[in-house]
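Scope of the values below: all heavy atoms of this structure, side chains included, with no hydrogens, waters or symmetry mates. In listed order, ligands and their atoms are each counted from 1.
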Amino acid sequence: MLIKWFAPLQRVIHYSGRKPQMFYQGVLLRIAERIFDLLPFFIAYLWFSYIYKQINTLNQQQLIISLVVVIISLVVVLILQLICSYYGYLKSFVGSYHIIAGYRERIIDQIHAMPLGEIQNQRVGELTEVVTSDVKKLEGIFTHSVADILSASCASLVIFLVLVCYNWQLALALIIPLPIAVVILEKVKKYFLLQSKQKQQLFAQISGLLVEFIMGIRTLRLFNKSELWLNKLNLQFIKLKDNNLQVEAFGGGAVMLFRLLVEFGLVALLVMMAYLITAKQVTPLDWLLFILIGHKLLQPLLTLPESITIFRYAIESETLLQQLLDTPLLKEPQQPKKISNFTIALENVSFSYEVKPILQDISFTVPQGTLTAIVGPSGSGKTTLLNLLARFYEPQQGTIKIGGIAIDEIGTEGLYQYLSMVFQQVLLHQGSIVDNVAIGSPNASQQQIEEACKVAYCDNFINNLEHGYQTVIGETGSGLSGGERQRISIARALLKDAPILLLDEATASVDPIAQYEIQQALSKLAQGRTVVMIAHRLNTIRYAEQIIVLDQGKIVGCGKHNDLLKHNKLYQQLWQAQSIEHLIAEEN
Ligand SMILES: Nc1ncnc2c1ncn2[C@@H]1O[C@H](COP(=O)(O)OP(=O)(O)OP(=O)(O)O)[C@@H](O)[C@H]1O
């Protein structure tokens with residue numbers, strides 16, 4: 001039972017990779033502090049007992065000596081208690097923070113090593129809730145609950161054993177209602193855990209919804225859907241409130257009942273005392289001892305249910321964090337292989353996110369220094385294919401090779417040395433334009449950065465910004481237009497100068513001049529590299545060395561533009577659809 005209780009804590013300590021000795025020492029000292037808290041009562045009892053027994057023979061000098069001994073003992077106990085208290089709190093707190101810091105690092109490492117696709121899959125709000133709030137709850141049980149529970153139960157046990165030695169009947173009377181109180185608490189445990197689990201899920205859902213709401217507020221407002229979203233959020237808030245009320249009402253009631261029953265132990269003690277005094281089985285000194293110590297035994301038990309509740313609640317957090325830590329990581333080679341040839345080959349690759357197959361038996365080769373375009377209707381699996389090439393996910397079947405070496409033997413870090421990506425959604429980070437362009441090339445000089453920006457048609461708009469290249473842009477690239485962000489990401493890739501380029505052609509509507517500039521910048525970027533590109537505008541890939549036509553996750557055509565236009569039905573349809581679109585646009 002105890003092992004089951006503390007197994008999650010053992011897991012946290014294990015994952016933290018930190019030595020828990022300091023934390024254990026702290027807990028032991030806090031237990032000792034609780035016991036020292038009782039010693040004055042025993043000292044008083046022993047003194048009374050001494051005087052009571054020697055009442056007729058004791059002279060004044062002996063009385064004073066005994067009093068001095070008592071005072072010195074009390075001072076010593078007090079000093080020891082203070083030392084235990086100070087070092088107990090210090091060590092248990094420092095030890096706890098030490099463990100939790102290691103655990104946090106482990107979680108961050110896990111997120112860092114998780115396949116990027118998995119991180120995209122998890123809702124940012126939920127992930128944030130888990131790594132902030134749930135870790136904080138775990139911190140709370142290390143700093144408070146564990147020491148509180150252990151010191152309270154150990155102190156009570158020690159006192160009980162001492163009292164048993166004095167008079168077992170009185171000691172038993174004191175704790176007789178305790179089993180009933182524990183049974184009641186156990187009965188509500190199942191319900192409470194269910195409710196607290198629901199509460200945690202609701203919290204995570206609300207965090208996810210809030211993040212989505214804030215990030216998508218522009219779209220929601222434009223489509224007059226913010227009301228709908230707010231109603232959705234309100235509904236979740238009401239559910240959370242109801243859940244909270246149930247937890248408080250039920251849990252609070254059970255805790256009150258527990259306290260009442262525990263305190264009933266004092267009544268049982270008095271009844272038993274009355275009986276034993278009548279039967280002349282207890283001395284007035286025993287009576288004194290039990291009155292002094294009795295409530296001290298019960299007192300720590302009164303706060304126990306609250307500590308246990310917080311403990312159980314936080315253990316639920318550990319379960320969520322464990323799920324995160326259990327997410328399978330990409331296999332990384334012991335000795336990553338280097339590559340000198342950049343021909344990409346996919347051999348019978350199949351992939352599914354869940355059950356439904358998304359890519360089936362995909363095989364093709366992209367010879368070094370050539371451009372392969374991927375085309376196909378929406379949902380045919382183009383982005384997924386690019387995600388596999390970037391190792392955001394791993395295929396369930398088949399192999400992806402570069403220069404004849406499987407990408408899992410090259411390792412993710414090695415792979416990213418050879419790879420640049422320009423996606424539709426450009427991720428910029430908080431920092432200056434220089435920092436953003438040079439993110440993949442930390443040793444680049446200012447001249448090289450500006451050169452890349454010139455080739456990517458960025459220098460004009462950068463020079464027009466108030467602080468030029470030192471202008472700080474927000475996390476989402478706020479302050480820059482979609483076309484400008486796209487060109488920054490092209491400059492980034494140019495500067496990195498990686499031999500392989502994965503490209504998701506932008507469909508975002510930018511003005512014709514920006515479109516032309518982006519196209520030119522992309523052509524320069526593609527020169528001399530091995531390029532795999534998702535093409536949305538077929539006229540931009542007419543001269544591609546190879547075009548792969550995807551439909552429902554399968555290759556249904558492969559060749560050059562003119563061949564496919566003659567022989568491939570789907571390609572013909574896509575081409576015609578775009579030609580009509582073009583004509584309509586021109587007419588307008
Ligand atoms: N993270 C995900 N989890 C589950 N299913 C996904 C995920 N991403 C995409 N899918 C599904 O996989 C299929 C292929 O999606 P994918 O984005 O690769 O298509 P696409 O050809 O790039 O589409 P588009 O041209 O519209 O961008 C779709 O049915 C999509 O719903």
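Among Leu386, Ile358, Thr383, the residue whose heavy atom lies closest to atom 22 (O) of ligand 1 is Thr383.
Salt-bridge check for Glu139 with Arg104: passed, with a basic side-chain N closer than 4.0 Å to an acidic carboxylate O.
In this structure, the separation between CD on Gln396 and CG on Leu359 is 9.5 Å, given to the nearest 0.5 Å.
If you number the atoms of ligand 1 from 1 as listed, the ones under 4.0 Å from a heavy atom of Lys356 come out as 29 (O). Heavy-atom contacts of Tyr393 reach the following atoms of ligand 1: 1 (N) (cutoff under 4.0 Å). Which parts of ligand 1 touch Ser380 is read off a 4.0 Å heavy-atom cut-off, strictly below it: atoms 19 (O), 21 (O).
With contacts defined as side-chain heavy-atom distances shorter than 4.5 Å, the pair Asp408/Ile400 does not qualify. Using a 4.5 Å cut-off on side-chain heavy atoms (C-beta onward), Leu9 and Phe311 make contact.
At least one N or O atom of Thr384, backbone or side chain, sits closer than 3.5 Å to an N or O atom of ligand 1.
Asp551 and Ser380 make their closest contact through CA-CB, 4.0 Å (heavy atoms, listed as atom of the first residue, atom of the second, distance).
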